[in-house]
Amino acid sequence: MSEFAAELVGVSKRFGPVLANDGIDLAVARGEVHAVVGENGAGKSTLMSILYGLHRPDAGHILRSGTQIRLRSPADAIRHGLGMVHQRFRLFPGLTVADNIVIGAEPVTGARLDRAAAHRSVTDLSDRYGLRVDPAALVGTLPVGVRQRVEILRALYRHAEVLILDEPTAVLTPGEADRLFEVLRTVAAGGVAILLVTHKLTEVLAAGDRVTVLRQGRVTGRFTTADTTADDLVHAMVGRSLPTPVPRRATPDAAPALDVRDLTVRDADGVTRLSSVSFSVRPGEIVGLAGVAGSGQRELIDTITGLRDGGDRVLLDGTPIHPGRDPRVAYVPEDRHARGTAPQMSLAENLLMGEQRTLATRSGLPRAAVRERARDLVARFSISAASVDVPISALSGGNAQKAVLARELSRGSRVIVAEEPTQGVDVAVRSRVHALLIEARDQGAAVLVQSSELAELRELADRVLVLFEGRLVAEFGGDATEAQLGQAMTGVSA
Amino acid sequence: ACGTGESGTAAPEDAPAKSVILITPNPVGTNSFLQLGVKGAETAAKELGASFKLYESKDPTSIAQNVDAAVRAKPTVIVGISFSFDDVFTTVPKQHPGQQFLQVDSCAKEQAPNLACVSFKEHEAAYLAGVEAGLLSESGQIGVVAALDTPFIHRWIEPFFAGATSVKPGVTGTPLYVGGANPFSDPARAKSQAQTLTGRGVDVVAAAASAGNQGVFEALASSGGKGFGVDVNQCAQSPGAIIDNVLKHVDVATTAAVKEIAGGKTGGVKVYGLAEGGVGVNALADDVATSGCTVAASPEVITKVKQVRDDIVAGKITVADPLQG
Amino acid sequence: MNIVEWSLLAGVLTATAPVLLAALGGLICQVAGVFNIALEGQLLWGAFTAVVVSDLTGSAWAGVLGAITATLLFAGLLSVASVSLRADPIVVAVGLNLLALGLTAFLMRQIFGVGGTYSSPDLAGLPTLAELGLDLPVVGPQSPLVPVALALVAAAAWWLGRTRSGLRVRAVGQHREAAEAVGLRVGGYQHGATLVAGGLCGLAGAQLALGNVTLFSEGMSAGRGWIAVVAVMLSGVRPGRLLLACLLFGVAEAIGFRLQGVGLPQQAADAAPYVITLVALVLAAVAGRKRRGNEGEAL
Amino acid sequence: MKVLSPSVVAVAGALALTTLVMLAVGVDPALAYPALVRGAVADGNLEYTIAAFVPTLGMALAFALPLRAGEFNLGGDGQLAAGGITAAAFALLVPLPPVLAVVVPLAAGTLAGGLVAALAAPLSTRLRIPAIVSTLLISAPAVSLASYLARFPLAEQGTGIAQTPRLPEHAHLPALTEAGYVTIGLPLIVLLTGLWLYADSRTVLGYEIRATGQNREFAWYGGVRVNRVAAYALAGGGGVAGLVGGLIVLGPPYRFVDGALTAPGYTFTAVAAVLLASARPVVVPVAVALLTFLQVGGQGMEREAGVPSQLTQIVQGLIIVIVAVLATVRARRGARA
Ligand SMILES: Nc1ncnc2c1ncn2[C@@H]1O[C@H](COP(=O)(O)OP(=O)(O)OP(=O)(O)O)[C@@H](O)[C@H]1O
Ligand SMILES: Nc1ncnc2c1ncn2[C@@H]1O[C@H](COP(=O)(O)OP(=O)(O)OP(=O)(O)O)[C@@H](O)[C@H]1O
Ligand SMILES: [Mg+2]
Ligand SMILES: [Mg+2]
């Protein structure tokens, strides 16, 4: 019997012109946390999907405990003891947490579901791993962090012996991520083999035992974390080292470009989501916005961008913002699938949104001009895409994110609001995105960045504001430690 | 509609000397009136040794298209059934003076010399049925279940009620219309309508709901009420529950008219009323005893009906035509 | 004049039963993520096959079974085309509705040699509950399929909410990829739902042709399948609400008939079920909006 | 030729099945097919095919335009009837000079159809009642209302059918052919289709409609007034339906005949055509032409070859199913290529 719980041998997979996986060998041992890193589009998700039976490889095969297996569907993979936590959640919004976890292996008495037993199992599991969930809650009503827990609990419930996690921390707060890694260590200690795909190299080094680096569908490095540095990994991933962040500038004295005065927001149920929030952002500075999910970031940003009413309390260069999206504010939304793009529309048409009226002539919206503008942005922001006419859903996540940034930053707006600007993008794109935001700042834009990644705020922001339960509870300089920020975020007064 | 298509199977090259084309305003389907028209024209064709073709239309445009196609085929006579041909037959016959046309059940306003018409006084027959209903209703409440509220259908409603009142003043009459998505073929809805009537104490219901009639009869059978059929003898459809039928001998009239035209007659209007025997009720027929209609068991009613018929024919009674009103 | 009387209840139950059965089939498909608008055609096909089998065997129950089987097979066309071959179920259903209309009328002539309406003393209709020894004067003479329809609604609610396969069907309909990812055979459940809907439409057809009346006439489904589709859309895929929606339609229709009797034009009666449903829907939505406020303003 | 071959397969498959059905019921395909073609295009029948093509294409626009914004307009019948009866009322009751006698009723019909459809917009945007439900529910009462008006206040006296009197000469649509069935409605609808195709792909409004349909939140985020755009799209669709109603009424037989607008089933033929075209606007007129050809040709087949009308329905049903299946096969192949 092999020491490896699962092995991918010579796996190749082609999507049309794209060779997503090119003869990849990868083995993961029992009890090991094995990280897989690589640029956006390097082929990580494809490889994991092959191991989970979602795609069939064009070449190569899969061994499970040394025996070759054939996976025609996830059902086969589950039968072989594989479990997967998907990059994009695969949860049923209309079902309860317990139903979401047990589905596919439900406890039954006769034909009837044994809901009590299901709740018990879920409670047991969640106690054992410290992943707190309410078994009776509807998944559709839960914040993303909790949904992630549900995904993980599902895999654990199925007693997966090989557990695949595709970017599980992209939507988690640092505390939640730490918690997850503890769980993974516990699970691995029980003999489970864990494959972890992530873009966060600190996580890799902290939580992984070994690392495999992919680049353009091939393996370009294998490391043991104990004797590796982040720079080694970056080099293997992008073939070069990344530039160090631009040094921070002093806060300028100019009049604020964005001024929020005593803003209070109530939701439809009359619950106060923001109370008396006041702050301002000057031209030439980046202000970070921190806070655990649901602290009022959504309401604040929707109000600033004009998408939510109550805008008379928000001033841009001294005048209230226009309701229904103010064109003077560039806005990079967090959810690029639901809000930032129309997946089935072409890249060019996605890049057009917001500029359609300025580009229009008397005879309409000339296609040539739309394409021309798109090609220009693709070149300027180095977006890699087959053409500007492909649907944007055919772009990798990182490139889609760059496209959204390109669209928003190219407007030359005075104020830029960016939510989670680097979520799910690789280190190279991340540094490119940061450079773009800093460049905008240096050209005099007032930038507000909301991020759940504290390291990102520390790298980028000149000042950091912390939201807690709808109130601004603290303000730090750019040199605040993660501990200080974390305390403020959880309501421990600074 | 069983006879859809050709009945003469002669090879195309030695086409029969005579031919008949009948155009309907709607698909024949469940419509007993159209079925009778088809039967009449087919019979005439058979007796003349002519070929017969049926063109079914589905809307005004396809009526015109079918008339055009028929004109191109140059048959002995082109037959159109119903009011729906009023517009087309106002113009087309004038453009083709050599072609003979026949309109059944209506007549185009400015009648061309090559257009013959036959029409019916169905209100006279409905009046007779009303007389029977008035005599036989015990509750003094009668009703009609009709497919749709169109003016034409009122020829079966007001005269029916008028006939009843003439023999039993104070009789109340209620019409209900099937309506809905398929008014001419919704027996379930027609049955509900009839049940609505019987639930209120109505004990005699005339059915004018096309394919829905059977539903009306079922409702009557289960409530102990009695009904009237329409166009043809429907008494056998629900033995014991049907008093009589408002007959309209479209087939006979059509056969006669087609044969006359084939024999060289052109133009003219022929109106079939009680006097001409083109409309009637089974009670008037010699074979009433074997008709299956319950009126056969009430000789006094038959006597009265015959007397009223004679009065109408003699002009002593004038039945108001709702269409002229 | 008395508009509301006891016979109203009887009328409503009779009129509602076929719509309810077909709508229940539509609901199950909806739950499984197949938008089924072929109910009209399947209802008609069910009515036709019920009459054919009943006429051949002289047994109404054989007719019911025949209709269920035959309509299940007919639904297989939808199932294969839209689930296996992934064709747009809406387009396929449009074709199937047309096919059912043509095929029933055509076969009617072939089998019975008549067009229009077929009824015959040989044709056995369903007995009434009273004839089966269950005398409930309040509900009038109803076929046994009426309580069956009501029981099936309850059964569907139980099945969807309480059983393993019910849970899985709901999961499949909510999120196809997620269902695949947890190892569910999505196609299998969708085939199953489509076929069950076929069986229910067969039952609906049998009730229409052997319960409500005892005959077949061309196009006798007369839009009931479409009303069932609307009921499914109004139900929010909840069986209880589906029942309410169907009853609302039935009551509105019955009241419309009665209003005709007091002199309202036929067109008003035709419009009544739709207007009443729309008004009910608007009132419910306004009430819901008051309760929830305008939270989901984005979408 | 990779793109062509599946449509060739679709036609071939449909033909094969149809032939089988014909043989099964004893119809000679060698007579039936030529009759089908003749019935649609030869012997002057082309005029009637065009006469059916015009309203069907119009109704296809009425469905496709809101569909691009993500709204299902299933209330075409109601909008059609409302437009028709309004146009008839204006033509009958308002004395107008020659050109205006055509233009005003058409404009009024367009407005009426648009209003009926626009009723669904606030229900959808404010009360979250999906347009697919509300348009359907509104349609039936609209048809009933038109029918009521034709039966009572606007009815022609002394005739058997519920219909309005013949419209005055001035209000007749200028005909392009002798029989008068092809009217200026043809260029009008073709022009509208062209405008729609142009607007859809080359104008700001078209872009915003598509963005709204593809991802409403994205469009909203981008500053598009999505509710307004959706309402315009619905109203626009309804307006075209109303216009079609007006065109039918102002064409032969120059009156509103109760049921004559909805009986031919333009609305559902159009829905089928648009769905067959599966989100490719330029294919819509082609799909409409195909279905119209089959329907009108089917009548010719019925007349000449004695193919019963039920068989025509069977054949059409089969063809729609086959084309739908092959369309996805092609789409999937296209995605893979
Ligand atoms: N279903 C698909 N069809 C076509 N191309 C695909 C498909 N899935 C992935 N690809 C392409 O294959 C390549 C690898 O994609 P994959 O999702 O595996 O990348 P990844 O490493 O997971 O990237 P990321 O870090 O952004 O998640 C990309 O170029 C992507 O566009
Ligand atoms: N060429 C393509 N054609 C069709 N689908 C594609 C193509 N490329 C990618 N996809 C699909 O889109 C997804 C995007 O690829 P990728 O994994 O790189 O983005 P992502 O990282 O999943 O995005 P995110 O991180 O925001 O979830 C792929 O997983 C695949 O399902
Ligand atoms: Mg990925
Ligand atoms: Mg990613």
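Order of the sequence lines sets the chain letters (A, B, ...), proteins ahead of strands, with each chain counted from 1.
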Full working for side-chain contact (heavy atoms from CB on, under 4.5 Å) between A:L54 and A:I50:
CA-CA 6 Å; A:L54 282 163; A:I50 288 172; over 6 Å; no

Going by the ring pair (Phe, Tyr, Trp, His ring centres under 6.0 Å) test, which pairs reach into residues 74-108 of chain A, not counting sequence neighbours?
A:Y52-A:H86

If we check side chain to side chain donor-acceptor pair (under 3.5 Å) with A:E419, which of these qualifies: A:R336, A:R298, A:Q450?
A:R298

Counting heavy-atom pairs under 4.5 angstrom with chain A, the leader among C:A178, C:G183, C:G161 is C:A178

Under 4.5 Å from a heavy atom of chain A, the part of C:L167 involved
both

Which atoms of A:P93 approach chain C - backbone, side chain, both or neither, heavy atom under 4.5 Å
both

Where on A:A77 is there a heavy atom nearer than 4.5 Å to chain C: the side chain, the backbone, both, or neither?
neither

Heavy-atom cut-off 4.5 Å, strictly under: side chain, backbone, both or neither for C:W158 against chain A?
side chain

Contact part of A:I78 toward chain C, heavy-atom cut-off under 4.5 Å: side chain, backbone, both or neither?
side chain

Closer than 4.0 angstrom, basic N to acidic O: yes or no for C:E180 and C:R176?
yes

Do C:Y189 and C:R170 pair up side chain to side chain, a donor and an acceptor below 3.5 Å, judged on atom types alone?
no

With a 4.5 angstrom heavy-atom cut-off, which part of A:R79 approaches chain C: side chain, backbone, both or neither?
neither

Looking only at side chains, do C:S143 and C:Q207 share a donor and an acceptor under 3.5 Å apart?
yes

